[in-house]
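Here the structure comes first, spelled out in structure tokens, and everything after it is commentary.
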Protein chains: 2
Amino acid sequence: MQYQEAKEKFISTWGSLGTLWGINKAMAQIQALLFISTKPLSMEDIMIDLKISRGNTSMNLRQLMDWGIVTKVLVSGERKEFFTTEKDVQELARIIAKERSRREIKPVIKVLDEVSSIKNDGTEKTKELIKQTKALKELTDDLDTLMNKLVNQKQNWLTKSVFKLMK
Amino acid sequence: MQYQEAKEKFISTWGSLGTLWGINKAMAQIQALLFISTKPLSMEDIMIDLKISRGNTSMNLRQLMDWGIVTKVLVSGERKEFFTTEKDVQELARIIAKERSRREIKPVIKVLDEVSSIKNDGTEKTKELIKQTKALKELTDDLDTLMNKLVNQKQNWLTKSVFKLMK
DNA sequence: ATAAAATTTCAATAATTATTGAAAGTTTAA
DNA sequence: TTAAACTTTCAATAATTATTGAAATTTTAT
């Protein structure tokens, strides 16, 4: 496999994986492109390389910046803007975990909490609803807490701290 | 909040969360409905409750069975088929984690491995591609292993084993 | 202040994904 | 073996989501 093929394979795999971490294809592909680039890229560079429109590139870059994954960099002597992504995988994982927790998991926990707090009228079905949503709420809570703790360990969180304890 | 409202809120929240664990809305809603039901439901019951077509119900039930989350149960004296879902949240989490690992994470690891194994021709960009995909491969691998270990602890895996170690 | 360069916005359109519903297939009871 | 009960399949359609491209806006150099 040559460079170009490998690059395309990486970008398309990462792109289709986007759904797994809750972002769209173009967004994931832009991030992937920046992730393996040796220098910051302009909007022009990105749209040409990925064969997507200017508008699409602009909107998805903004979203990546909202996530805190991509940042603008100033290249001296250049008028246009350039972009880079966080290059450290651990830091990247930390940002993503934090954002997903905030955007998706926390709101769900809130709903589960509300639902499991309805008045128990003593009927079978109400008891079941309360019991099951409470169990789900606790699990989600625990997973969210665990994820955030894992991800807040700054140094080698995964391999060092937890991982070995579980061997 | 009354039972019916709470029930609907739970089903719709769980449904929209479906994307987070990689399944579609109808599939997640059917699972949610079964999850809070006090007895097995027939296809008829499900399509009426969720207001979805027979075909849709049939297809999504099959998928849930493929995932191993829903099973057919025989109700004596009844001709039609009835369905239940796994009621234990921990077991549910275990099944989901295992399936997502198999369906999505493992294939990605394979691609990352291939890409990071291309011949190093000494150019800057090739070095960067290899370095970054290798880092991503290792992280994904570690997370996958951790997830599978967590999820294989049969008893109170979360709260008991790992969770306290991290306090 | 002007105008070229660059970026953003957003209505229109395309692409993708989910859902329906009716015909075909299967199972079961008598 | 028949026919009613039930389930599955899948082409057609609907709903949702992503993408384009050109006009409007903003930024920058002179």
Side-chain angles (χ1 to χ4, degrees), chain A residues 11-34 39-67 69-84 103-104, chain B residues 11-34 40-67 70-84 103-104:
Chain A
I11 290 172
S12 96
T13 304
W14 206 238
S16 60
L17 192 69
T19 53
L20 200 142
W21 48 289
I23 66 172
N24 76 35
K25 206 182 71 181
M27 207 172 143
Q29 290 188 342
I30 292 171
Q31 199 278 327
L33 178 62
L34 292 172
K39 56 181 199 325
L41 301 178
S42 68
M43 228 169 73
E44 203 74 14
D45 295 333
I46 295 168
M47 46 180 288
I48 289 168
D49 198 311
L50 300 178
K51 296 179 186 62
I52 60 178
S53 73
R54 191 175 294 282
N56 200 5
T57 309
S58 169
M59 286 167 91
N60 285 105
L61 274 172
R62 162 191 284 280
Q63 283 206 77
L64 285 164
M65 288 188 286
D66 288 347
W67 271 72
I69 290 170
V70 162
T71 43
K72 280 186 188 166
V73 292
L74 290 172
V75 173
S76 61
E78 285 278 8
R79 185 152 156 181
K80 49 174 171 270
E81 296 171 321
F82 286 76
F83 303 88
T84 356
R103 293 169 190 240
E104 292 164 309
Chain B
I11 290 172
S12 96
T13 304
W14 206 238
S16 60
L17 192 68
T19 53
L20 200 142
W21 46 289
I23 67 175
N24 76 35
K25 205 183 72 179
M27 207 172 143
Q29 290 189 341
I30 293 172
Q31 198 278 325
L33 177 63
L34 292 171
L41 301 178
S42 69
M43 227 169 73
E44 204 74 12
D45 295 333
I46 296 169
M47 46 180 289
I48 289 168
D49 199 311
L50 300 179
K51 298 180 185 63
I52 59 178
S53 72
R54 191 174 294 283
N56 201 4
T57 309
S58 169
M59 285 165 90
N60 285 108
L61 274 171
R62 161 190 284 282
Q63 284 205 75
L64 284 163
M65 288 188 285
D66 288 347
W67 271 71
V70 162
T71 43
K72 279 186 188 167
V73 291
L74 290 172
V75 173
S76 62
E78 285 277 10
R79 186 154 157 184
K80 50 173 169 274
E81 297 172 321
F82 287 76
F83 303 88
T84 359
R103 292 170 190 240
E104 294 163 306

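Lettering of chains follows the sequences in order, A, B, ..., and the numbering in each one begins at 1. Quantities reported herein were computed from a predicted structural model and do not represent experimental measurements. Computation of the quantities below employed the complete heavy-atom set of this structure, encompassing side-chain atoms and omitting hydrogens, waters and symmetry-equivalent molecules.
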* Scan residues 23-31 of chain B against DNA chain D and write down, sorted by residue number, each residue with any heavy atom closer than 4.0 Å; if none is found, say none. => none
* Starting at CD1 of B:I46 and ending at C1' of C:dT20, how long is that distance when rounded to a whole Å? -> 17 Å
* Asked: Rounded to the Å, how far apart are A:K51 NZ and C:dA15 P?
  -> 17 Å
* Taking atom P of C:dA18 as reference, at what distance in whole Å does atom CD1 of B:I52 sit? -> 13 Å
* **Contacts of A:E104 that satisfy side-chain hydrogen bond (donor to acceptor under 3.5 Å, both in side chains) - sequence neighbours left out** => A:R100
* How many angstroms lie between CZ in B:F82 and OG1 in B:T71, if you round to the nearest 0.5 Å? -> 14.0 Å
* Structure fact -> Sequence neighbours excluded, the answer for salt bridge (charged side-chain N to carboxylate O under 4.0 Å, His left out) partners of B:R79 is none
* d(CG, B:L74; C1', C:dT28) in whole Å -> 13 Å
* Taking atom C1' of D:dA18 as reference, at what distance in whole Å does atom CG of A:L50 sit? -> 15 Å
* Structure fact -> Heavy-atom contacts, protein to nucleotides 7-14 of chain C, under 4.0 Å, summarised as B (base), S (sugar-phosphate only) or - (none) per nt, yield BBBB----
* To do: Could I get the full list of side chain to side chain contact (heavy atoms under 4.5 Å, CB included) partners for B:A28, not counting sequence neighbours?
  => B:I23
* To do: Starting from P on D:dT19, measure out to CG on A:L61 and report it in whole angstrom.
  => 13 Å
* To do: Taking salt bridge (charged side-chain N to carboxylate O under 4.0 Å, His left out) as the test, write out the residues that go with B:R62, two or more places apart.
  => none
* To do: Assess whether side chain to side chain contact (heavy atoms under 4.5 Å, CB included) is satisfied between B:L34 and B:F83, documenting all intermediate values.
  => CA-CA 8 Å; B:L34 292 171; B:F83 303 88; 4.3 Å; yes
* May I ask you to check whether B:D45 and B:S42 show a side-chain donor-acceptor distance below 3.5 Å? => yes
* Asked: Taking CG from B:D45 and P from D:dT7, how many angstroms apart are they, rounded to a whole number?
  -> 10 Å
* To do: Take B:W14 and B:Q29 through the test side-chain hydrogen bond (donor to acceptor under 3.5 Å, both in side chains) and record every step on the way to the result.
  => CA-CA 7 Å; B:W14 206 238; B:Q29 290 189 341; over 6 Å; no
* **Stepwise side chain to side chain contact (heavy atoms under 4.5 Å, CB included) check, A:T84 with A:V70** => CA-CA 6 Å; A:T84 356; A:V70 162; over 6 Å; no
* **Atom pair distance, as rounded to whole Å: CD in B:Q63 and C1' in D:dT9** => 14 Å
